Amino acid sequence: MARNIGSRYTAHQILGRGSAGTVWLGEGPEGPVAIKLLREDLASDQELVGRFVQERTALLGLDHPHVVAVRDLVVDGNDLALVMTLVRGTDLRTRLDRERRLAPEAAVAIVADVADGLAAAHRAQIVHRDVKPENILLDMEGPLGPGGAHPALLTDFGVAKLIDTPRRTKATKIIGTPDYLAPEIVEGLPPRAAVDIYALATVLYELLAGFTPFGGGHPGAVLRRHVTETVVPLPGIPEELWQLLVQCLAKAPASRLRASELAVRLRDLLPLLAGIPPLEVDEPGPDEPDENDQRPDAYDEQQYTPAAEEPRRRGAVPLVPGSAPDSNRDTHTSMRVPAPDELAGGPLGTARAPRAPGKPRPGSARNKAAAVRKRRLALAAAAVALCAAIAVGGRLASGGDGDGDPAPRDGGNSAPAAP
């Protein structure tokens, strides 16, 4: 059923729902648009509305070919809405769900487009804070690029920041999607441009491997991995691309590239990646408890709840017709900042490694138990061999062969006994 959004726009059809609100296919004075209508509880928050209006100029001024343009902001009674350019295509999550992983050339071309969009945003002092496949749209009407990739556009600028207002979250809370959160956010530091680079590098890893480098399991475990574990190498990609990924996934924000540098470096690698097929990598198995792990088990499920008491949803909202409204990733989850002792794990470990079918993951409790059993069997075999050797040595020393017959000495040439 159609509804008016302010005096200039009409919303006709719901395209999707997410943690922040509902996206509609709408009509405006200049033609079709996408309208993101925020939740009523957000619209009724006067402080949030004030911040929304203050950032209007910055959001409207963000004009770049790889950013979904915000064309208007509407504050009308209980309606708080972002009016955006309608992209004819699908989101990157939908493509990943269909193909599982992309060829390196296509993956790098898509991420280079997004890096260009981020560079423009960062120059305007805007940090996205929620870069992930759900917020990357593929323009199916645009020209094909390297590897057959459609042009990529980043959307949902400012939404995470609007939800994460001082009145809605305390200093001990963080807002975001766990798989893509930079370590400094997990540790409670303010988000700066480098958090978008970390998230985008995580997206690139996921496009190549089919899974995120630190994801899987309870959100608390994911947060701890971001801080304490190093990324697992991906076999089959050029060393230059891997080193670029490692640099952008660095724990220290200052070690990461700027968005403009990342875009240039990625495009320089495209000729090297031409013709390389999608990687053959098995996704890591689920985490298994380690009986020897003495770190505090403080990750209570109740400490990780969706923002503003919203019922938990899966995925984010596509701003394009025909794409799936939901996905398999939690989005905009409100999480308690872990205490230092919860994040402490000694020297950096290695993130969950892919495992072969039917075998335990390296470093897991099952793997450790198997190693213990193997050592015990080896020790038992060594003990049996040692006992056998001692027994044989004892028989030789006593001059018998074990059957009561005398054993020859001196090579069998001993002299006969005297009469």
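No hydrogens, no waters, no symmetry mates; every other heavy atom, side chains included, goes into these values. Numbers for residues simply follow the sequence, beginning at 1. It should be emphasised that the depicted structure is a prediction, and the values quoted were computed from it without experimental measurement.
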Does the pair Asp156 and His128 meet the rule for a side-chain contact (heavy atoms from CB on, under 4.5 Å), with working shown?
CA-CA 8 Å; Asp156 259 12; His128 190 286; 4.3 Å; yes
Applying side-chain contact (heavy atoms from CB on, under 4.5 Å), run through Tyr9 and Val74 and close with a yes or a no.
CA-CA 9 Å; Tyr9 305 97; Val74 177; 4.1 Å; yes
So do the side chains of Leu37 and Arg3 get within less than 4.5 Å of each other, counting heavy atoms only?
yes
Any chance you could lay out the side-chain contact (heavy atoms from CB on, under 4.5 Å) test for Val87 and Thr155, step after step, and finish with the verdict?
CA-CA 10 Å; Val87 178; Thr155 189; over 6 Å; no
Smallest heavy-atom separation, Gly26 atom then Ile35 atom, equals CA-CD1, 4.0 Å
Please check if the number of heavy atoms outside Glu30 that lie under 6.0 Å from its CD is greater than 12.
no
Is there side-chain contact between Thr212 and Tyr205, with at least one heavy-atom pair below 4.5 Å?
no
Do the non-hydrogen side-chain atoms of Ile5 and Asp76 ever get within less than 4.5 Å of each other?
no
Once the angle between the rings of Phe214 and Tyr198 is folded into 0 to 90°, is it parallel (under 30°), tilted (30 to 60°) or perpendicular (over 60°)?
parallel
Separation between NE2 of His122 and CD1 of Ile126, rounded to the nearest 0.5 Å:
9.5 Å
Answer whether the closest heavy-atom distance between the side chains of Pro32 and Arg88 falls below 4.5 Å.
yes
Which one of Val195, Leu154, Leu118 satisfies the side-chain contact (heavy atoms from CB on, under 4.5 Å) criterion with Leu200?
Leu118
Are Leu137 and Leu92 side-chain neighbours, meaning at least one heavy-atom pair lies under 4.5 Å?
no
Could you check whether any side-chain heavy atom of Val70 comes within less than 4.5 Å of a side-chain heavy atom of Thr85, counting everything from C-beta outward?
no
Would you confirm whether Glu99, through its side chain, and Leu96, through its main-chain N or O, come within 3.5 Å as a donor-acceptor pair?
no
To the nearest 0.5 Å, what is the distance between CD1 on Ile237 and CD1 on Ile276?
9.0 Å
Worked verdict on Val33 versus Leu86 for side-chain contact (heavy atoms from CB on, under 4.5 Å):
CA-CA 5 Å; Val33 291; Leu86 182 68; 5.5 Å; no
Closest non-hydrogen atom pair, Asp179 against Gly215:
OD1-CA, 3.5 Å
Run the side-chain hydrogen bond (donor to acceptor under 3.5 Å, both in side chains) test on Gln247 and Gln243 for me, step by step, so that the C-alpha distance in whole Å, both residues' side-chain angles and the decisive distance to 0.1 Å come before the verdict.
CA-CA 6 Å; Gln247 184 174 1; Gln243 291 303 323; over 6 Å; no
What is the distance from atom OG1 of Thr94 to atom CD1 of Ile136, rounded to the nearest 0.5 Å?
12.0 Å
For Ala107 and Leu207, which heavy atoms make the closest approach, and how far apart are they?
CB-CB, 3.8 Å
Would you compute the distance between atom CZ of Arg123 and atom OG of Ser260 and round it to the nearest 0.5 angstrom?
7.0 Å
For the side chain of Lys36 and the backbone of Leu80, is there at least one donor-acceptor N/O pair under 3.5 Å apart?
no
Taking C-beta and beyond as the side chain, do Asp91 and Leu138 meet within less than 4.5 Å on heavy atoms?
no
Between atom CG of Asp196 and atom CZ of Arg256, what is the distance when rounded to the nearest 0.5 Å?
10.0 Å
To the closest 0.5 Å, what do you measure between CD (Glu261) and CG (Leu266)?
11.5 Å
Any side-chain donor near an acceptor of the partner, His64 and Asp116, under 3.5 Å:
no
Less than 4.5 Å apart, any side-chain heavy atom of His226 and any of Val222?
yes
Candidate pair Tyr180 and Asp130, rule side-chain hydrogen bond (donor to acceptor under 3.5 Å, both in side chains), full reasoning
CA-CA 8 Å; Tyr180 309 93; Asp130 201 20; over 6 Å; no
Positive for side-chain contact (heavy atoms from CB on, under 4.5 Å) with Asp139, one of Leu153, Thr90, Val68
Leu153
Evaluate whether atom CZ of Arg71 has more than 12 neighbouring non-hydrogen atoms of other residues, nucleotides or ligands under 6.0 angstrom away.
yes
Asp113 and His150 have their tightest heavy-atom pair at OD2-O, 4.3 Å
Please find the pair of heavy atoms, one from Leu245 and one from Leu208, that lie closest to each other, and give the distance.
CD1-CD1, 4.0 Å
Is the shortest distance from a Lys or Arg side-chain nitrogen in Arg95 or Glu134 to a carboxylate oxygen in the other one below 4.0 Å?
no
Grab the two heavy atoms, one from Leu279 and one from Gly236, that are nearest each other, plus how far apart they are.
CD2-O, 3.7 Å
Only one of Arg101, Arg93, Lys132 clears side chain to side chain donor-acceptor pair (under 3.5 Å) with Glu206; which?
Arg93
